[in-house]
Amino acid sequence: MLQQRTAGYKALDRLRKNGEFPPSRVGAIEPDLERKTNILMKRFFAERLSVSEQLGGGFCIEELIDRTLRTDEPEIMDSPTLAEREKFELVNALDRQNNVMGIYRLYASMIFPLARELAEKKNRTIKLVELAAGAGGLSLALASEAAKEGLPLSVTGTDIVPAYIEHGNNEARRRQLPVTFRLLDASDMDEAVQIDYDIMLLSQSLHHFTPGQLAVMIASAGKQGASAFIGIDGCRDLLLGIGMPLIAALQGIPAFAMDGLTSARKFYSEAELSLIAEAAAGPGCHRIEHLWPVSFMCVRFDGETVSHKNIANNQPEES
């Protein structure tokens with residue numbers, strides 16, 4: 001529930017037929033892409049409502065539930081007034097949860113096939129940059145797992161918080177891992193041109209950004225010569241929305257449990273991620289996969305064509 005695949009993909013098809021997607025330009029960023037993508041998402045929600053009303057029954061109920069739960073409320077972790085000590089407490093709680101649940105190993109299994117393909121194709125070490133890496137838990141885990149598997153991968157983790165960068169670099173040195181951490185504001189992609197990379201990664205943070213901001217990140221990766229952009233986040237699902245705050249509450253940190261609930265209410269559905277990817281890079285360059293409890297988005301810029309996953313047309317309709 002809340003993916004609304006049938007209504008969502010039908011709404012996307014209507015927007016395509018109406019020519020409402022921004023024109024994509026290979027190796028460039030469409031002027032005013034952020035604003036245009038945000039407007040396009042609003043049009044998508046209106047179109048999906050219309051489709052749901054036409055389909056009737058459970059489709060209307062699901063649309064109503066989704067609209068009731070959806071929020072633009074920021075997470076406590078994102079508050080500019082939150083003390084550094086409290087930020088670290090929340091980031092470390094997330095890192096512990098990811099390790100206990102095996103989330104980092106899951107992410108590695110999703111990212112490494114592409115990294116391995118590119119390494120063989122380019123015959124060199126593949127460079128991955130992670131945006132909004134926090135204190136570096138995933139960047140460090142990817143480097144560690146790559147070393148175990150013999151995968152030639154170097155990792156650069158970035159974040160806007162200086163204390164996270166210092167902590168990440170200290171951990172990389174202590175564990176002797178090929179990871180470097182650098183200051184970077186993920187919402188200002190002009191800075192990213194200073195970093196050489198093959199894969200841009202944004203993990204567990206897609207919902208922290210507007211559709212327009214994500215589209216600019218994706219388009220910037222293509223403009224700067226990356227082979228791919230990968231985005232991973234929780235899937236938009238009612239069960240996960242209930243389970244996330246409950247699991248987070250086990251750590252006894254009220255703010256972390258509250259952020260778990262807020263995150264679940266903000267996760268993007270598959271169709272929404274498809275809209276963002278297509279607005280940024282055009283049709284046929286991305287794939288969206290639902291691998292519960294996460295959604296996986298891969299956008300290719302190297303000529304490797306992938307079709308988007310239009311579940312509404314390829315699988316039985318949901319009610």
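Any value given below was found using the heavy atoms of this structure, including those in side chains, with hydrogens, waters and symmetry copies removed.
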Practice item. Check Lys266 against Thr71 and note the closest heavy-atom contact, atom names and distance. Key: CG-O, 3.4 Å
Point to revise | Shortest non-hydrogen contact between Ser144 and Arg175, atoms and distance | key: CB-NH2, 4.2 Å
Practice item. Please say which of Arg48, Glu62, Glu270, Lys10 ends up in a side chain to side chain donor-acceptor pair (under 3.5 Å) with Gln4. Key: Arg48
Check your understanding: Which residue pairs pass the side chain to side chain donor-acceptor pair (under 3.5 Å) test with at least one member in residues 245-265, sequence neighbours excluded?
Key -> Glu75-Ser263, Arg96-Gln251, His207-Ser263
**Study point:** Pairwise distance CG(Leu94) to CG(Leu90) - rounded to 0.5 angstrom
**Key:** 9.0 Å
Review point. Cut-off 3.5 Å, side chains only: do Asn18 and Glu47 have a donor facing an acceptor?
Key: no
Point to revise | Worked verdict on Glu145 versus Lys148 for salt bridge (charged side-chain N to carboxylate O under 4.0 Å, His left out) | key: CA-CA 5 Å; Glu145 290 297 316; Lys148 292 177 184 177; 3.5 Å; yes
Review point. What are the two closest heavy atoms between Ala143 and Val179, and how far apart are they?
Key: CB-CG2, 3.2 Å
Check your understanding: Do Leu153 and Val155 touch side chain to side chain, with heavy atoms closer than 4.5 Å?
Key -> yes
Check your understanding: In the single-linkage hydrophobic clustering (I, L, V, M, F, W, Y; side-chain heavy atoms under 4.5 Å), do Leu33 and Ile39 co-cluster?
Key -> no
**Study point:** Step-by-step side-chain contact (heavy atoms from CB on, under 4.5 Å) determination, Phe44 to Leu49
**Key:** CA-CA 9 Å; Phe44 167 78; Leu49 173 61; over 6 Å; no
Practice item. State, with a plain yes or no, whether a side-chain heavy atom of Ile111 is found less than 4.5 Å away from one of Ile230. Key: yes
Review point. If you measure from CG on Asn38 to OG1 on Thr210, what distance do you get to the nearest 0.5 Å?
Key: 4.5 Å
Practice item. Run the numbers on Val294 and Tyr107 for side-chain contact (heavy atoms from CB on, under 4.5 Å), then give the verdict. Key: CA-CA 9 Å; Val294 302; Tyr107 288 0; 3.8 Å; yes
Point to revise | Heavy-atom check, side chain of Leu275 versus side chain of Tyr268, under 4.5 Å | key: no
Check your understanding: Can you find a heavy atom in the side chain of Met77 that is under 4.5 Å from one in the side chain of Glu86?
Key -> no
Point to revise | side-chain contact (heavy atoms from CB on, under 4.5 Å) between Tyr104 and Asp95, worked out | key: CA-CA 9 Å; Tyr104 289 153; Asp95 189 52; 2.7 Å; yes
Cut-off 3.5 Å, no hydrogens considered: what does the side-chain donor-acceptor table look like for residues 125-140, sequence neighbours left out?
unit_1: Lys127; atom_1: NZ; unit_2: Asp196; atom_2: OD2; d: 2.4
unit_1: Glu130; atom_1: OE1; unit_2: Ser139; atom_2: N; d: 3.4
unit_1: Glu130; atom_1: OE1; unit_2: Ser139; atom_2: OG; d: 2.5

Check your understanding: Under a 4.5 Å cut-off applied to non-hydrogen side-chain atoms, are Gln204 and Ile232 in contact?
Key -> no
Practice item. Could you walk me through whether Asp13 and Lys17 pass the salt bridge (charged side-chain N to carboxylate O under 4.0 Å, His left out) test, one step at a time? Key: CA-CA 6 Å; Asp13 285 340; Lys17 291 176 182 177; 5.9 Å; no
Check your understanding: Can you tell me how far NE2 of His290 sits from SG of Cys235, rounded to the nearest 0.5 angstrom?
Key -> 4.5 Å
Practice item. With sequence neighbours excluded, tell me which residues meet ring pair (Phe, Tyr, Trp, His ring centres under 6.0 Å) with Phe229. Key: none
Check your understanding: Taking the side chain from Ser205 and the backbone from His208, do they hold a donor-acceptor pair closer than 3.5 Å?
Key -> no
Exercise for review: Check whether the side chains of Tyr197 and Gln224 place a donor and an acceptor atom closer than 3.5 Å, and report yes or no.
Suggested key: yes
Review point. Are Arg124 and Pro152 side-chain neighbours, meaning at least one heavy-atom pair lies under 4.5 Å?
Key: no
Check your understanding: Does Phe88 have its ring centroid less than 6.0 Å away from the ring centroid of His167?
Key -> yes
Review point. Less than 4.5 Å apart, any side-chain heavy atom of Phe296 and any of Asp233?
Key: no
Point to revise | Exercise: do Glu272 and Ser269 side chains pair donor with acceptor under 3.5 Å | key: yes
Point to revise | Side-chain touch Lys121/Ser227, heavy atoms, less than 4.5 angstrom | key: no
Check your understanding: Closest approach of Ile165 and Asp159, non-hydrogen atoms and distance?
Key -> CD1-N, 3.6 Å
Point to revise | Check against salt bridge (charged side-chain N to carboxylate O under 4.0 Å, His left out), Arg287 and Glu289 | key: CA-CA 7 Å; Arg287 79 176 190 273; Glu289 296 182 12; 2.6 Å; yes
Check your understanding: In Å and rounded to the nearest 0.5 Å, what is the CG to CG distance from Leu177 to Leu142?
Key -> 10.5 Å
Check your understanding: Can you get from Leu261 to Ile65 by hopping between Ile, Leu, Val, Met, Phe, Trp and Tyr side chains that sit under 4.5 Å apart?
Key -> no
Review point. In this structure, are over 12 heavy atoms from other groups packed under 6.0 Å from Met258 atom CE?
Key: no
**Study point:** Worked verdict on Leu40 versus Ile276 for side-chain contact (heavy atoms from CB on, under 4.5 Å)
**Key:** CA-CA 9 Å; Leu40 180 62; Ile276 293 167; over 6 Å; no
Study note, to complete from the structure: Separation between CG (Asn92) and CD (Gln97), nearest 0.5 Å, reads 13.0 Å
Check your understanding: Do the side chains of Val91 and Ile160 join up, straight or via other hydrophobic residues, at under 4.5 Å, putting them in one cluster?
Key -> yes
**Study point:** Spatial distance of atom OG (Ser109) from atom CG (Leu106) [nearest 0.5 Å]
**Key:** 4.5 Å
Exercise for review: Over all heavy atoms of both residues, which pair between Pro211 and Thr37 is shortest? Give the atoms and the distance, please.
Suggested key: O-CG2, 3.6 Å
Point to revise | Nearest heavy atoms of Phe45 and Arg67, plus distance in Å | key: O-NH2, 3.0 Å
Review point. Above 12 or not: heavy atoms from other molecules or residues under 6.0 Å from CD of Glu166?
Key: no
Practice item. Apply the test salt bridge (charged side-chain N to carboxylate O under 4.0 Å, His left out) to residues Glu20 and Arg14: give CA-CA distance (whole Å), side-chain angles for both, the deciding distance (0.1 Å), then the verdict. Key: CA-CA 9 Å; Glu20 298 196 38; Arg14 288 185 181 183; over 6 Å; no
